[in-house]
Amino acid sequence: MNTIPPHAPGPLRSAQYDAFHTARARTDLVARLYAAAMGEDYPAEVAASSSCDWPLLGLMAARLRMRPDELLVDAGCGTGGVGLWLARALSLRLTSFDLSPVAVAQASSRAADFGLGEGRAAFRTAELEDTGLPGAVAQGIVCVDAFSRAADRTTALRELARLLAPGGRLVMTRAVRRDTTPVWEGQARAAGLTVEFVDERPAEPALWDRLYREWIAHAEELRSELGTEQAHRMLREAQRVLPTLPGRRAVLLTLRRPAHTPTPGGGADTMAKPHHPDVRTAQ
């Protein structure tokens with residue numbers, strides 16, 4: 001494994017994520033609360049602070065349709081568990097990036113635990129909008145609950161599309177309000193991609209409901225284990241997002257780059273998301 005020299009985001013963008021990952025590394029409390037919310041669907045080895053459960057892992061593996069030794073990019077990887085698990089399961093090479101240098105260091109340190117040795121996994125600090133990676137190198141990209149963190153979602157999707165080799169696929173979690181018309185068809189087309197599958201994830205809003213209620217019920221423990229500031233961010237998010245969950249539609253999108261990709265154009269996104277560091281909620 002190796003850590004690619006960073007194509008680093010600004011320090012203000014990454015600071016709150018760095019603080020969260022640093023605090024979380026001191027305790028297993030956050031992981032235990034995710035496990036309580038997900039029950040048997042919690043993939044303990046992955047240990048992602050996201051909506052990534054066993055059903056989502058299996059669905060992503062199926063939708064990627066990758067072959068051994070192809071390159072997978074984990075976009076907005078957090079501490080890396082999703083990409084590392086998929087790379088091991090599918091015998092892939094892996095490049096992961098995140099805007100938090102602390103998360104990237106933690107992800108890199110986990111590669112050996114997944115059996116990904118030298119030359120099989122690489123990590124860098126970068127933004128979704130500007131990865132610093134060569135174009136047309138990836139046969140697959142996963143972006144789990146990270147897209148909402150992009151400062152410019154139009155630019156971010158175009159950048160991810162740029163990384164895909166012809167025929168490659170991007171699988172990403174997204175969510176919209178049920179009373180709105182999704183814009184992802186137009187966004188994909190503007191980025192030179194086609195929508196191959198839209199897989200509904202009807203259990204995802206209830207998952208977040210259970211998780212947020214776990215946070216609220218364990219507020220004092222969060223303050224004690226993570227510190228007042230990090231606990232406050234989590235509890236504030238829970239209070240803000242809980243009322244919106246009944247109107248939430250969550251999906252896994254599979255976008256594909258055709259063999260001959262049109263020049264990407266512009267696009268727009270509409271769905272506001274939870275923004276707690278590494279709580280990479282679907283978008």
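Count residues from 1 along the sequence.
- With hydrogens and angles ignored, the 3.5 Å screen pairs no side-chain donor or acceptor of Thr27 with any backbone N or O of Arg24.
- Looking at heavy atoms from C-beta onward, Leu164 lies out of side-chain contact with Val137 at the 4.5 angstrom threshold.
- Between Leu94 and Ser96, some side-chain heavy-atom pair lies under the 4.5 Å cut-off.
- The salt bridge (charged side-chain N to carboxylate O under 4.0 Å, His left out) contacts involving residues 56-66 comprise Arg63-Asp199, where partners must be two or more places apart or lie in separate chains.
- Checked by atom type and distance alone, the side chain of Thr22 pairs as donor or acceptor with a backbone atom of Asp18 at under 3.5 Å.
- With no hydrogens or angles considered, a side-chain donor-acceptor pair links Thr131 and Glu159 at under 3.5 Å.
- Using a 4.5 Å cut-off on side-chain heavy atoms (C-beta onward), Leu90 and Leu72 make no contact.
- Val102 and Val82 fall into different hydrophobic clusters, where Ile, Leu, Val, Met, Phe, Trp and Tyr are joined by side-chain heavy atoms under 4.5 Å apart, directly or via other members.
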Give the intermediate values and the outcome of side chain to side chain donor-acceptor pair (under 3.5 Å) for residues Thr254 and Glu196. CA-CA 5 Å; Thr254 302; Glu196 190 172 40; 5.6 Å; no
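- One finds a salt bridge joining Asp98 and Arg149 here, because a Lys/Arg side-chain nitrogen approaches an Asp/Glu carboxylate oxygen to under 4.0 Å.
- Between Ala165 and Ala136, the closest heavy-atom pair is CB-O, 3.6 Å.
- Looking only at atom types and distance, the side chain of Gln16 has a donor-acceptor partner in the side chain of Arg233 under 3.5 Å away.
- At a threshold of 4.5 Å between non-hydrogen side-chain atoms, the residues Leu157 and Leu170 count as touching.
- The two residues Leu226 and Arg26 come nearest to each other via the heavy atoms O-NH2, 3.7 Å.
- Contact of the Leu128 side chain with the Arg153 side chain is not registered, since no non-hydrogen atoms from C-beta on lie closer than 4.5 Å.
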Just do the side chain to side chain contact (heavy atoms under 4.5 Å, CB included) check on Leu235 and Tyr212 with the steps written out, would you? CA-CA 8 Å; Leu235 295 169; Tyr212 287 141; over 6 Å; no
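- The number of heavy atoms from other shown groups lying within 6.0 Å of CZ (Arg32) is above 12.
- Leu33 has its side chain within reach of Trp215: a pair of non-hydrogen atoms, C-beta onward, lies under 4.5 Å apart.
- Among pairs with a residue in residues 208-219, those fulfilling salt bridge (charged side-chain N to carboxylate O under 4.0 Å, His left out) read Asp209-Arg213, at least two apart in sequence or across chains.
- Closest non-hydrogen pair, Ala47 versus Thr79, comes out as O-OG1, 4.2 Å.
- Taking a cutoff of 4.0 Å between a charged side-chain nitrogen and a carboxylate oxygen, Asp69 and Arg120 qualify as a salt bridge.
- Residues passing the side-chain contact (heavy atoms from CB on, under 4.5 Å) test with Pro43 are Met38, Val46, Trp54, Leu57, sequence neighbours excluded.
- Taking the charged nitrogens against the carboxylate oxygens, Arg248 and Glu204 do have a contact shorter than 4.0 Å, which makes a salt bridge.
- By the criterion of side-chain heavy atoms lying less than 4.5 angstrom apart, applied directly or through intervening Ile, Leu, Val, Met, Phe, Trp or Tyr residues, Val241 is grouped together with Val30 in one hydrophobic cluster.
- Evaluation of the side-chain contact (heavy atoms from CB on, under 4.5 Å) rule for Thr194 yields Arg256, Pro258 as partners, not counting sequence neighbours.
- Within a 6.0 Å radius of CD in Glu40, no more than 12 heavy atoms belonging to other residues, nucleotides or ligands are found.
- Rounding to the nearest 0.5 Å gives a distance of 13.0 Å between CZ of Arg249 and CZ of Arg201.
- In this structure, the separation between CG on Asp130 and OG1 on Thr155 is 10.0 Å, given to the nearest 0.5 Å.
- Judged as a side-chain contact (heavy atoms from CB on, under 4.5 Å), and not counting sequence neighbours, the contacts of Ala231 are Leu222, Arg223.
- With sequence neighbours left out, the side-chain contact (heavy atoms from CB on, under 4.5 Å) criterion links Glu45 to Trp85, Arg88, Phe114.
- Between Leu211 and Tyr34 the shortest side-chain heavy-atom distance falls below 4.5 Å.
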Do Ile141 and Val171 pass the side chain to side chain contact (heavy atoms under 4.5 Å, CB included) test, and can you show the C-alpha distance, the side-chain angles, and the key distance before you say yes or no? CA-CA 6 Å; Ile141 301 174; Val171 296; over 6 Å; no
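- Interatomic distance, Met66 CE to Leu71 CG, rounded to the nearest 0.5 Å: 6.5 Å.
- Between Val176 and Trp184 the shortest heavy-atom distance is CG1-CZ3, 3.8 Å.
- Summarising the geometry, atom SG belonging to Cys52 is positioned 7.5 Å from atom CG belonging to Leu86; distances are rounded to the nearest 0.5 Å.
- Across Arg257 and Arg162, no two heavy atoms sit closer than the pair NH1-O, 4.0 Å.
- Distance alone, capped at 3.5 Å, is enough to place a donor-acceptor pair between the Glu70 side chain and the Arg67 backbone.
- Closest heavy-atom contact between Ala111 and Leu84: CA-CD2, 3.8 Å.
- The shortest side-chain heavy-atom distance between Phe197 and Leu253 does not fall under the 4.5 Å cut-off.
- To the nearest 0.5 Å, atoms CD (Glu129) and OG1 (Thr154) are separated by 10.0 Å.
- Here Arg169 contributes atom CZ and Met60 contributes atom CE; the two are 15.0 Å apart, rounded to the nearest 0.5 Å.
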